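Letters A, B, ... mirror the listed sequences (proteins, then strands); counts begin at 1. Values below: every heavy atom of this structure, side chains too, minus hydrogens, waters and symmetry copies. It should be emphasised that the depicted structure is a prediction, and the values quoted were computed from it without experimental measurement.
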Amino acid sequence: MAISVQEKKTPSAITLKDYKVNIRPNWCPGCGDFSVLMALQKSLTALQLNPKDVAVVAGIGCSGRISGYLNAYGFHSLHGRALATAQGIKLANPELTVIAAGGDGDAFAIGMSQTIHAMRRNMDITYIVMDNQVYGLTKGQTSPRSSEGFKTSSTPYGSVEQPVHPVQLALSANATFIAQGFSSEQDELQELIRKAIEHKGFSLVNVFSPCVTYNKVNTYDWFRQHVVQLPETYDPHDKGAALQAVHDTNGLCLGVIYEEDRPPYDELIPGYAHKPYFHADLQLPTELFEEAMAEFQ
Amino acid sequence: MAISVQEKKTPSAITLKDYKVNIRPNWCPGCGDFSVLMALQKSLTALQLNPKDVAVVAGIGCSGRISGYLNAYGFHSLHGRALATAQGIKLANPELTVIAAGGDGDAFAIGMSQTIHAMRRNMDITYIVMDNQVYGLTKGQTSPRSSEGFKTSSTPYGSVEQPVHPVQLALSANATFIAQGFSSEQDELQELIRKAIEHKGFSLVNVFSPCVTYNKVNTYDWFRQHVVQLPETYDPHDKGAALQAVHDTNGLCLGVIYEEDRPPYDELIPGYAHKPYFHADLQLPTELFEEAMAEFQ
Amino acid sequence: MNGVVEELTWMVGGEQGEGIDSTGATFASLMNRQGYFLYGYRNFGSRIKGGHTNYKLRIATHPVAAQSDHVDILLAFDQPTININAKELREGAVVIADERVHPKLPEGIRASLYVVPLTQIAEEHGNRIMKNMVSLGATAGLMGLPVEAFYELMQKRFGRKGNEVVEQNMQAIAAGAAYIRQHYEKLEGFDLAPADGKSRYLMIGNEAMALGALTAGCRVMTAYPITPASDIMEYLVRKFPKVGGVMIQTEDEISAVNMAIGASYAGARAMTATSGPGFSLMAEGIGLSGMSETPIVVIDTERTGPSTGMPTRHEQSDLNMAIFGTHGDVQRIVLSPSTLEDAFYITADAFNLADAYQVPVIMLADFALCEALQTTEGLDPTQVRIDRGSIMTDEQLMQLPGGGQFKRYAITPTGISPRTFPSQVNGIYQADGLEHGEDGHPTEDFDVRQKQMSKRLAKLAGFHYDRAIDYEGPQQPDLLVVGFGSTRGVIDEALAQLRQEGHAVARLTLRCLWPFPAEETTPYLEAAKHIVIVENNAGAQLAGLIHREVGYHGKSSSLSQYNGRTFLPSQLVRLLKEWL
Amino acid sequence: MNGVVEELTWMVGGEQGEGIDSTGATFASLMNRQGYFLYGYRNFGSRIKGGHTNYKLRIATHPVAAQSDHVDILLAFDQPTININAKELREGAVVIADERVHPKLPEGIRASLYVVPLTQIAEEHGNRIMKNMVSLGATAGLMGLPVEAFYELMQKRFGRKGNEVVEQNMQAIAAGAAYIRQHYEKLEGFDLAPADGKSRYLMIGNEAMALGALTAGCRVMTAYPITPASDIMEYLVRKFPKVGGVMIQTEDEISAVNMAIGASYAGARAMTATSGPGFSLMAEGIGLSGMSETPIVVIDTERTGPSTGMPTRHEQSDLNMAIFGTHGDVQRIVLSPSTLEDAFYITADAFNLADAYQVPVIMLADFALCEALQTTEGLDPTQVRIDRGSIMTDEQLMQLPGGGQFKRYAITPTGISPRTFPSQVNGIYQADGLEHGEDGHPTEDFDVRQKQMSKRLAKLAGFHYDRAIDYEGPQQPDLLVVGFGSTRGVIDEALAQLRQEGHAVARLTLRCLWPFPAEETTPYLEAAKHIVIVENNAGAQLAGLIHREVGYHGKSSSLSQYNGRTFLPSQLVRLLKEWL
Ligand SMILES: Cc1ncc(C[n+]2csc(CCOP(=O)(O)OP(=O)(O)O)c2C)c(N)n1
Ligand SMILES: Cc1ncc(C[n+]2csc(CCOP(=O)(O)OP(=O)(O)O)c2C)c(N)n1
Ligand code: SF4
Ligand code: SF4
Ligand SMILES: [Mg+2]
Ligand SMILES: [Mg+2]
């Protein structure tokens, strides 16, 4: 049983300032990631979570720097492995709010396997993908999210591979919460991240977060022209409808696309302690040791 | 342009004997993999492919031994990496018929990322997954294909994770040929593998290949009771219909589930030689070298 | 007593999947209950059914820690068992074989063949699978063991199936014993001297390591199945529910190591266990553990390499990888248990050392140690203390000046910086695999880099571990035999024999491989006239390590075996004599 | 000529993304065309825009292969550039800075500050981005370079944009030069002696390695982007279409290495290139290459480690990983280029060696070598011969007795077994990462294992590589300085200075690290009075290797720097004097 968000509220209200740090992000001016950072900070504030109870794990990439730009426990892990680290953190202390974050290369290239398995495992964590459809930090190579024909330093004649579709993959992988946002729609994005955190189980927020330096195709303008808001009437609990919406909008719909109630992983582990191990008494009770030894007689 | 299957025919007809080797498989009696092996041998025979022009790459697992049990060039590679090796082979010699094969752990646990990316890359190779929903060779742990509640040595209280759905994943990952077979239906399986090989582009054949030793749930009988043949009228060219069929049958439909005409990867590589490199003259023409050097002046 | 022997080696062999393991285990259990010391070694292939397998059990009135040279009694369920193992039979050995397979002894083998209708007797007693019990009975008959000795065991095993089943099995055993006594003359040399009847424990190294981890407070284990490591995850997953722990089977070893790092960062004692191929995949994660100073314990159960190699065979060839694998300069500790007791205590130590130094600790355990069944007098949980190292208390944190993040990577004289866990007030910091400043934020400042790297180096600069070495023998030996891991047992046995022949020989076992215990080993290496470094790998990896760290190229020789087998005592005696 | 100097070091600095690189590159190109020898080093951070970056260009009338100690001319686009680099300025240096940033020299710096309205002049000439050209003009003015020298370059660069643009840029350059001449007195010590005007080539090590691979017949490259290796994939992807090759950006490094193995198995010369984190991920694949005897070439471009470390900084800390990484005993060759020419020729050799010995060959290249811009007189493709090693011809295969599979892993005296490629008649076999018999099928036979492992060991037993070492200096030096990779240049320069001071010093550079060239190095190590092993890593990895392989613990010392910087000549002189 995960502690509910309500119980974590502290008497003195949390303000946005609590999530600020005194470090200037090294992102390029105009990078979509600024907005993601702000939306995340605002969501955490809105949820009145104490920064000390939040852990943000990031991968490697421009996006990956995010964990260092807000005031919360952070782990700047490895390229593609943020989710593995994040799941470990959640297991060790289920009372934490655990956010994993990273780039599209992180999530869908090197980390593809970790992403799909985290989805089906359904631990109560939130994954924010800053999807700029290019490799930013390594100076602009193609990403699995780049569209066909996309020209980069590693595909000077245009990419010849089909891009991956995050939402479709997440649907097939049984993710229990799937949303898509856009850096330019910061209010909505904040809302989506908040809902994702509130969701009990694995939540994916894929964010179109333009790279102003290396992606001259999928720009803010391009997205503004192509994204489609899911209608008010849309019911995210219907997988068929979700698949349809994704298909109809060519994967460019914004909003909560899918949501499902399923017990998160930690509620299913037999005998699980459901509390932070570092507070626990780790001494093995003598009778348990003796019982264990008896099996070897 | 891949050489078509027809052109590869040799004057003297290929018989099943050409694909036999003098090695007794070390599979348990009754293992579903025997039938997969036989179906593969028969398909290759039916296609009149010369064994010397076939390369079978396998992963590690009981299933992974398959590459050593037929007469063809073989590569018994690493756990989860058969597809990477297979794609390398295809690139180096596009005239070969390249088959990758392995277990469900191979394909959907450690090799998940390789599987999804091979699908979207769409090289002209065939991937046969021997899906027994358990880890055979390591003595019966849970697999990402095991159903919830499945008890194994690593999940003595039953698995608490959602299984992955090979066909759904393949559909989301843009695989251009997706079929599903069953060891007990060897004739159909042979047909499916044959079609998969004939398909130009990436083809997946997921085979329910029961592990008689470690999977006491998904047995031959269980499958016989649960699998559903796709009707004659089913049109595999419609992705929506494919998704529906998979949904309706709980992923247990047999047949060619999806098929799409899309140029395979090698046809899209700019300037690609389209012939075996080992026959090629590797000497760099002097003018090219000089041209390259001139750029550094 | 007349004609009794102090030890016997019994082997049962047949097709994989025929119940060879359980036959061996049953017999081992029986002898354990009598108070004998045992060493059991399973020879099995990387396949599930079919192919030859055998279980070799050494039974003695004194502690034994290695395979014996010869087999005294071979229980053969098929002819290949006889053919494959014939050369291991001592002169005068007995082969008990099932009549049904029309057994024959290969030419030139001087042993007695006892043909027994094992299957037939079993069938007569109701069930052909009781063949195993019949054969154990035959063994008892040969060894003069009273069949009543089996009763308690049969009770334990079949009790809940009802008395009838117990009786049925007892009768099968009795029939096997009777058959031998009726048809074959009593032979000298098969009666074991009586044991002391003391109650001891029988376990494999993997179980001892798993129990060590459990006792040391490990509560999160992340792992991907692989031979021969899977026992560990399979053991812990059964035990964890009792202590609120969790074993999670990950999608691969990369996830396993990174998940363990996450769990440790958040305050758990976390570990993973794997073997060669998975260990290679963990290289990047081990580097992250080192760089982010997040303690983890990684057990590597070595098997025959390289690559997939021979998954069910013995080797000690991951030493180089354990110490030098992963790019960059990664501080780490590499330990290597050499006995069953080591497997327990050193694993427990590993968690304390990981916490104390905030580094990855690698437990390098070889196949023979992991899988051999051995006797222990007992393991003492009170010797295992749990020390989580330098952690900021909530009180200490409250006293920190506010503002700014916690200096997780504070430069300290020892290089060790106190850490915090998420949810601690005033303890917020970022763990980082990039070079970072004191608060964990990435830096590219050359001086900060220099300081942080030096800090990490400092941590292990004066490292000392109590159990680092084990030395046995005279102070100035003519020959010093150096090894690590399971070779300890066989070296001891070989040296005992050499000493009987009058040689001044000694053994030095390294239980800490890195940081290399130069101070501890040098006096011994210095004092020896000649050094032989014995190991089971092709690359003479331990020899290379010793040369690198302390030299002695001139007076040391290398003795490497890399065919997948352990050394045998007499073989080692023969080989070592080259230097005597 | 009066007052001319034989070399000058010029540095341009500013914010990342401000065109510092291209300003540096333009100036380098200009000086190259004049016939000067150059060494250019970019200092940049692991971020895309913002943060300080600089480009340091050493310009000389003679070959140079290291960064210089001091900066003579600093072109500063912002104040941080002055602050950060002030301590590198030689006494009497000139700082040219943009008026717009109100530049100031830090206290105590004895240099001249030339404040120039760079941006303003650029704007006056039509476009503020021409600031770079104005500043190059100012440089020319200071150095007494005729601005006409820029013409050809501007033509080449802006020619297709029309003459007007060329003219505009030329005017900006002229205005910059004029400004300096008008406002500042001519200073001594900034006029370079004229160069020989010879046409030479300017490239970075990564380009030389990529070109070496292309020339050696590499036609398949599989890679995942990573700094500083990405240049190589980006170079080859542009060149391959001309020769029918293919560069494929894989989903990760695991795929990259395994795909390269597949391509090689099927007959291509295949390679991959990566840096630390990716190299760690390739450990398992490198083992498979070794075990299956499938040749591949892996370039590892080292950067500051461990873990993600400092991606854009220099280090040489993957030596241990390259030689000892991956579980089990994996035969491999590790080469390390020490010059730009090495980068070309040794990479080409790598493909021949991989094919000859059927092993993975690792090219260990350090950041400074990979990224520094250097002058070469030329590279000779006729010195690159392509030798694919032992391959069965179709004719040989036809003569084999039929039946059974091809003995790909035949036991031979050299350990090298001729191979076949798929589609060859009679050549069918299975490549295997499991231990296997001669036909490649898995085996668990102890003897077969022993033979195959010994065969693999035999392959490299007598390994000799012509370019393994490079020695320079007297035969019995008082001090022998040993190093590998890019340290060669700076060592040479330091030793030249020490020799001028009368010291008998020598340099030994290892270009083959594994198999360790013991025979080649021992005479030199033996002859030296003292040895100093110079390297850029915290673990003294090369020192450890030398100790391991040949000893000399007693008379060797270690000089390690691990702050992300290369050594500078005067620094090395100072440090080495400790042993003189
Ligand atoms: C194992 C490994 N391989 C490669 C890299 C180099 N690398 C750093 S970031 C990155 C990809 C960046 O793309 P993305 O994940 O989309 O993040 P972005 O920079 O676009 O936000 C790569 C390949 C690495 N750090 N580690
Ligand atoms: C990197 C690595 N990790 C683990 C293993 C051990 N291993 C061998 S086969 C296997 C899984 C077998 O399951 P599956 O792929 O489903 O094949 P099956 O045996 O069921 O046919 C594992 C985990 C390995 N060989 N390599
Ligand atoms: S390169 Fe692109 S992703 Fe990276 S900081 Fe700049 S704009 Fe953002
Ligand atoms: S264990 Fe299962 S998968 Fe493996 S051979 Fe036996 S039946 Fe087949
Ligand atoms: Mg990106
Ligand atoms: Mg399976």
Chemist: What part of A:T152 gets closer than 4.5 Å to chain D, counting heavy atoms only: side chain, backbone, both or neither?
Modeler: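 Contact with chain D involves no heavy atom of A:T152 at all.
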Chemist: With chain D, which of A:I60, A:L78, A:T142 has the greatest number of heavy-atom pairs at distances under 4.5 Å?
Modeler: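 Counting heavy-atom pairs under 4.5 Å, the top option is A:T142.
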Chemist: Among D:A223, D:P225, D:G50, D:S307, who wins on heavy-atom pairs under 4.5 Å with chain A?
Modeler: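 Highest number of pairs under 4.5 Å: D:P225.
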Chemist: Do you know which of D:S255, D:P277, D:P241 has the most heavy-atom pairs with chain A at a distance under 4.5 angstrom?
Modeler: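 With the most close heavy-atom pairs to chain A, the winner is D:P241.
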Chemist: Tell me, yes or no, whether the heavy-atom count around D:R42 atom CZ, taken from other residues, nucleotides or ligands under 6.0 Å, exceeds 12.
Modeler: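 Yes, because the 6.0 Å sphere around CZ of D:R42 holds more than 12 heavy atoms from other groups.
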Chemist: May I have the step-by-step check of side chain to side chain contact (heavy atoms under 4.5 Å, CB included) for D:K49 and A:T213, ending in yes or no?
Modeler: CA-CA 9 Å; D:K49 283 185 185 153; A:T213 303; 3.2 Å; yes
Chemist: So which part of A:C28 gets closer than 4.5 Å to some heavy atom of chain D, the side chain, the backbone, both or neither?
Modeler: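 Contact with chain D: backbone and side chain both.
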Chemist: Provide the closest heavy-atom pair for D:V237 versus A:S154 in the form atom of the first, atom of the second, distance.
Modeler: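 Closest pair (atom of D:V237, atom of A:S154, distance): CG2-O, 3.6 Å.
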Chemist: If I compare all heavy atoms of A:L137 with all of D:I48, which pair ends up nearest, and what's the gap?
Modeler: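 Heavy atoms only, the tightest pair is O-CD1, 3.7 Å.
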Chemist: Which region of D:P311, side chain (C-beta onward) or backbone (N, CA, C, O), has a non-hydrogen atom less than 4.5 Å from a non-hydrogen atom of chain A, or is it both or neither?
Modeler: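 Interface part for D:P311: neither.
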Chemist: At a heavy-atom separation under 4.5 Å, does D:S46 approach chain A through its side chain, its backbone, both, or neither?
Modeler: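 Backbone plus side chain of D:S46, per the 4.5 Å heavy-atom cut-off to chain A.
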Chemist: Do A:Y135 and D:Y224 have their ring centres less than 6.0 Å from each other?
Modeler: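 Yes.
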Chemist: Taking atom OG1 of A:T155 and atom CE of D:M233, what is their separation to the nearest 0.5 Å?
Modeler: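 Going from the OG1 atom of A:T155 to the CE atom of D:M233 covers 9.0 Å.
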Chemist: Indicate yes or no: at least one non-hydrogen side-chain atom of D:S230 is less than 4.5 angstrom from one of A:Q141.
Modeler: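 Sidechains of A:Q141 and D:S230: in contact.
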Chemist: Where does A:Y214 contact chain D at under 4.5 Å (heavy atoms): side chain, backbone, both or neither?
Modeler: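 The answer is the side chain of A:Y214.
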Chemist: So which part of A:H76 gets closer than 4.5 Å to some heavy atom of chain D, the side chain, the backbone, both or neither?
Modeler: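 Neither part.
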Chemist: So, taking the atom named CD in D:E253 and the one named NE2 in A:H79, what distance separates them when rounded to the nearest 0.5 Å?
Modeler: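 If I round to the nearest 0.5 Å, the distance is 7.0 Å.
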Chemist: Please classify the contact of D:L281 with chain A as side chain, backbone, both or neither, using a heavy-atom distance under 4.5 Å.
Modeler: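 The answer is the side chain of D:L281.
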